Amino acid sequence: GAVVSQHPSWVICKSGTSVKIECRSLDFQATTMFWYRQFPKQSLMLMATSNEGSKATYEQGVEKDKFLINHASLTLSTLTVTSAHPEDSSFYICSAKIPGGQFFGPGTRLTVL
Amino acid sequence: AQSVTQLGSHVSVSEGALVLLRCNYSSSVPPYLFWYVQYPNQGLQLLLKYTTGATLVKGINGFEAEFKKSETSFHLTKPSAHMSDAAEYFCAVSATGATNKLIFGTGTLLAVQP
């Protein structure tokens, strides 16, 4: 079946630094990927839709300059959290669109000190 | 616009008992409906989905859900709970269309008591 991977699975960084998270579709091509964030004991909130070869579409309230998304190939989308702050600490999950649904990655735990 | 309501943030059942997790949705267009399971510190795994056709949908691990349009519900059931079913369960809705944008409920944490 379809597999989506994320790297790294967890990362700890200092406040003010930038962190890049990769999302890969391992055995299929995904023209569209989605990025979600999940706070502890809460649901997933869609941050943005990433389309290969074009600009990402951000949800209302999500700062595009803060959360940079690049979808350079049909199997890779990256999310860069720029100038991270402790309030950006969260679980970030990507998914790849497939006909009739989405396959999710295992998530990346970001902790900003 | 779409929305999802999951009644009961925590549900506890005994091993072997019936599992019932409730989900009601709101959608202005025919919805696609999903149930996902999340184990601690992991991503989401699809349990089952309804798109069109048969309203009773069977998924993995013995779970099933029934789409009831008149009740705008998509409750998840399993006849006999197993300890390994303990996890967080999310109901989600997406509008039929090109984006497949998913709107998630707030989740239900299922505990299974021995």
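Here is how names work: the chains are called A, B, and so on, in the same order as the sequence lines, proteins then strands, and each is numbered from 1. Predicted, not measured: the structure shown is a model, and the values here were computed from it.
By the rule that hydrophobic residues join a cluster once side-chain heavy atoms approach within less than 4.5 Å of another member, L110(A) and L79(A) end up as members of one cluster. Side-chain heavy atoms closer than 4.5 Å link hydrophobic residues (I, L, V, M, F, W, Y) into clusters, and following such links, possibly through other members, connects V62(A) to V19(A). Cluster annotation: L76(B) and V57(B) are assigned to the same hydrophobic cluster (Ile/Leu/Val/Met/Phe/Trp/Tyr, side-chain heavy-atom contacts under 4.5 Å, transitive). Hydrophobic clustering places L47(B) together with F74(B) (ILVMFWY residues linked when any side-chain heavy atoms are closer than 4.5 Å, directly or through intermediates). Residues Y92(A) and V4(A) do not share a hydrophobic cluster, defined by chaining ILVMFWY side chains whose heavy atoms lie under 4.5 Å apart.
When all heavy atoms are compared, the tightest approach of Q42(B) to F91(A) is O-CE2, 3.5 Å.
Only the side chain of F90(B) has a heavy atom closer than 4.5 Å to any heavy atom of chain A. Interface residue Y36(B): only side-chain heavy atoms are found under 4.5 Å from chain A.
The CG atom of L46(B) sits 7.5 Å away from the CD1 atom of I98(A) when rounded to the nearest 0.5 Å. Rounded to the nearest 0.5 angstrom, L46(A) CG and I103(B) CD1 are separated by 7.0 Å. In this structure, the separation between CD on Q38(A) and CD on E88(B) is 7.5 Å, given to the nearest 0.5 Å.
Under the 3.5 Å distance criterion, the side-chain polar atoms of S43(A) are matched with a main-chain donor or acceptor of G105(B).
Two residues are said to be in side-chain contact when any heavy atoms from C-beta on lie closer than 4.5 Å; Q42(A) and F104(B) fail this criterion. Within the 4.5 Å cutoff, the side chain of I93(A) has heavy atoms near those of the L44(B) side chain.
Residue K58(B) qualifies as open at atom NZ: its count of foreign heavy atoms under 6.0 Å is 12 or below.
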